[in-house]
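Here is the structure we will look at, set down as structure tokens.
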Amino acid sequence: MCGIVGYIGEKKAKEFLIEGLKKLEYRGYDSSGIILFNQKVFLKKEKGKISDLEKTLIEEELDSCKLGIGHTRWATHGIPNKINSHPHVSNSGNLYIVHNGIIENYESIKEVLISKGYKFYSETDTEVLINLIEEVKKSENVKIGKAVKIALNQVVGAYAIAVFDKNNPDEIIVAKLGSPLAVGIDGNNFYVGSDPSPFIKHTKRCLYLNDYEMAILSRKKGLILRNFLTDDILKQNIETLKLEIDEVEKGGYEHFMLKEIFEQPKNIKDALRGRILNNPERIKISSVEEFIDKFEKTKRLVFISCGTSWHASLLAEYYFEELARIPVEVEYASEFRYRNPIINQEDIIIPVSQSGETADTLAAIKLAKEFNPFLYGVCNVVGSTISRETDSGIYIHAGPEIGVASTKAFTCQAVVMLMLAVDVGFRLRKVDLVKYNTIVNELLDLPNKVENLLKESNIILDIANKYKDARNFLYLGRGYNFPIALEGALKLKEISYIHAEGYPAAEMKHGPIALIDEDMPVVVIATRKGNYHKIVSNVMEIKARGGKVIAVVTKGDKEIKKIADDVIEIPEADELIIPIIANIPLQLLSYHIANLKNCEIDQPRNLAKSVTVE
Ligand code: AGP
């Protein structure tokens with residue numbers, strides 16, 4: 001939710017801020033704004049996309065500015081308009097702030113500030129924070145750095161902030177708690193981003209701030225890192241990023257989502273790389289090797305996650321119960337955190353998150369920690385908060401996912417879940433060598449299968465054309481394909497705004513069947529393995545009521561072809577691998593429908609990539 005950038009150095013700030021904000025637009029795109037400084041402050045804000053803001057930056061003087069901060073917003077407090085946009089300015093007009101997160105106690109602070117004569121123009125919590133900093137600076141007669149530190153000790157919430165004081169124009173102050181923040185360092189040039197994608201083009205030297213850390217980025221003194229609770233000066237762990245610029249660019253595709261769908265063969269290879277050894281073909285996951293005793297002793301695994309990651313967790317439930325014979329529960333993090341869940345010390349809690357920053361999942365982890373279970377994270381973003389808050393875990397190595405609708409991350413989550421389940425199952429002697437080798441070989445073959453499937457995917461565009469005007473869709477799947485039905489429906493909703501629901505196919509007759517008529521396309525995952533004849537019956541039931549069936553079938557299928565309106569063929573594979581393959585044409589179906597409807601594919605309305613607020 002929201003992206004922030006900042007720059008102080010010897011180069012033109014404007015280009016970096018605009019380009020950087022475009023890279024972070026996936027985090028929110030309701031409005032944006034920047035300040036640039038050279039002798040005076042230039043404040044620009046605009047509702048809508050960064051490109052709308054860019055059009056307002058016409059003054060030549062802006063090119064001479066070598067300092068600035070910027071923001072792209074996903075609205076939390078107040079509607080998306082210019083007034084609520086960041087940067088926000090303090091009453092004196094001296095202090096400016098950009099903020100990603102939520103200040104939970106802003107109303108009580110606002111009341112106190114109003115009683116002291118402060119005026120508020122926006123509905124945001126951020127305007128309260130910058131005026132609190134101003135009030136502290138005045139009343140305690142301290143410099144801006146100290147004022148930020150004191151103010152942050154008074155607020156409750158989550159934040160990554162960048163603050164600028166025009167009376168102290170040689171520095172920017174950044175701090176974080178709960179929301180992510182990275183600083184890129186190239187000599188005397190300091191770059192700030194909610195993630196490193198804005199500055200990867202300029203430098204690979206990166207300092208990720210930890211919670212309760214603040215950094216002063218100063219032309220005169222360089223970078224000073226402190227803990228803002230204790231005031232201690234901290235050692236700077238500067239990392240060299242492995243990220244490449246082409247990983248965060250579209251590479252000739254019309255949308256990031258399409259690029260991300262088509263790069264899945266490579267992503268799957270990356271997820272497997274170094275973990276499946278060729279000779280002998282054995283899975284080697286260091287975190288499983290190290291903690292196999294925890295898996296041996298545990299009485300259950302509890303997956304906690306949201307959205308697409310929850311669907312991957314559901315698939316993991318099928319995998320782990322089948323292969324490792326460990327009972328599994330799959331929890332929505334947002335529900336888990338507010339229940340009074342029963343957690344035992346021997347439980348293994350498995351938070352699953354692409355971004356590693358999802359607020360509900362983080363809160364669920366915090367709650368779980370009170371009971372001291374073993375926390376095993378499954379994350380994509382290296383160094384993310386969830387990866388740091390867990391005892392151990394595994395990265396899915398999908399690379400940066402820019403499209404707000406998750407595709408390659410889901411696929412890599414599924415691949416990693418299967419690899420984990422079969423590894424644990426084999427080590428616990430629940431999987432025999434034959435099954436083990438079958439799955440290992442099929443995993444190794446998966447990138448080829450997906451690559452071939454993508455090459456033959458043109459038919460999906462024709463199908464999309466046929467059904468793009470439908471107002472509702474049903475997605476059905478059984479067994480391992482049920483989570484895929486849910487994920488397929490979510491993808492369609494997210495980017496095409498068509499109402500879609502996923503169900504276990506057999507549940508249809510317990511209610512959803514009432515919806516079926518000639519205007520209702522039903523996507524059925526009807527692959528040969530796993531309850532095939534039951535699925536054939538479900539398809540018959542739909543056809544008998546005039547519904548339109550789009551079936552995902554195994555190559556060469558004859559039976560369903562005769563009754564379905566449209567079919568998408570996928571290659572034959574083990575039934576544990578099939579759901580991973582079947583999910584790919586459904587991604588493409590959603591993509592093409594949304595594209596034909598001229599929807600904003602990479603930045604669907606009302607969504608944001610990482611949901612760092614409740
Ligand atoms: C996926 O398409 C969604 N944008 C969303 O459901 C997402 O999966 C969810 O917000 C969880 O995010 P996370 O994986 O980063 O924790």
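All ligand and atom numbering here is 1-based and tracks the order in the structure. Atom set for the values below is all heavy atoms of this structure, side chains included, hydrogens, waters and symmetry mates excluded.
In this structure, F291 has its ring center under 6.0 Å from that of F374. For Y376 and F295, the ring centers are positioned less than 6.0 Å apart.
Neither the backbone nor the side chain of E357 has any atom closer than 4.0 Å to an atom of ligand 1 (non-hydrogen atoms only).
How far CD1 of I342 is from CD of E329: 9.0 Å, rounded to the nearest 0.5 Å. In this structure, CD1 on I283 lies 7.5 Å from CG on L418, to the nearest 0.5 angstrom.
A side-chain donor from one of S313 and S305 sits under 3.5 Å from a side-chain acceptor of the other. Under 3.5 Å, the side chains of S406 and E401 contain a donor-acceptor pair of N or O atoms. For D602 and H255, the side-chain atoms include no donor-acceptor pair closer than 3.5 Å.
Annotation for ligand 1: atoms under 4.0 Å from non-hydrogen atoms of T308 are 1 (C), 2 (O), 6 (O), 8 (O). Less than 4.0 angstrom separates some heavy atom of G307 from each of these atoms of ligand 1: 6 (O). Residue A405 approaches ligand 1 through these ligand atoms, each under 4.0 Å from one of its heavy atoms: 2 (O). Against a heavy-atom cut-off of under 4.0 Å, S355 is close to the following atoms of ligand 1: 13 (P), 15 (O), 16 (O). Less than 4.0 angstrom separates some heavy atom of K491 from each of these atoms of ligand 1: 1 (C), 2 (O). Near S406, meaning under 4.0 Å from one of its heavy atoms, ligand 1 places the atoms 1 (C), 2 (O). Near S309, with a cut-off below 4.0 Å to any heavy atom, the atoms of ligand 1 are 8 (O), 13 (P), 14 (O).
Below 30°, between 30° and 60°, or above 60°: for H86 and H71 the angle between ring planes is below 30°, a parallel geometry.
For the pairing with V524, the side chain to side chain contact (heavy atoms under 4.5 Å, CB included) check across N481, V549, L474 returns one residue only, V549.
Nearest protein neighbour of atom 11 (C) of ligand 1, counting heavy atoms only, is C306 O, 3.3 Å. If you check which protein heavy atom lies closest to atom 3 (C) of ligand 1, you get E494 OE2, 3.0 Å. At the shortest separation from atom 10 (O) of ligand 1 among protein heavy atoms lies V611 CG2, 3.8 Å.
Heavy atoms of V404 approach ligand 1 to within less than 4.0 angstrom.
Looking at Q354 next to ligand 1, an N or O pair under 3.5 Å apart turns up. On a distance-only criterion, T358 and ligand 1 share at least one N/O pair closer than 3.5 Å.
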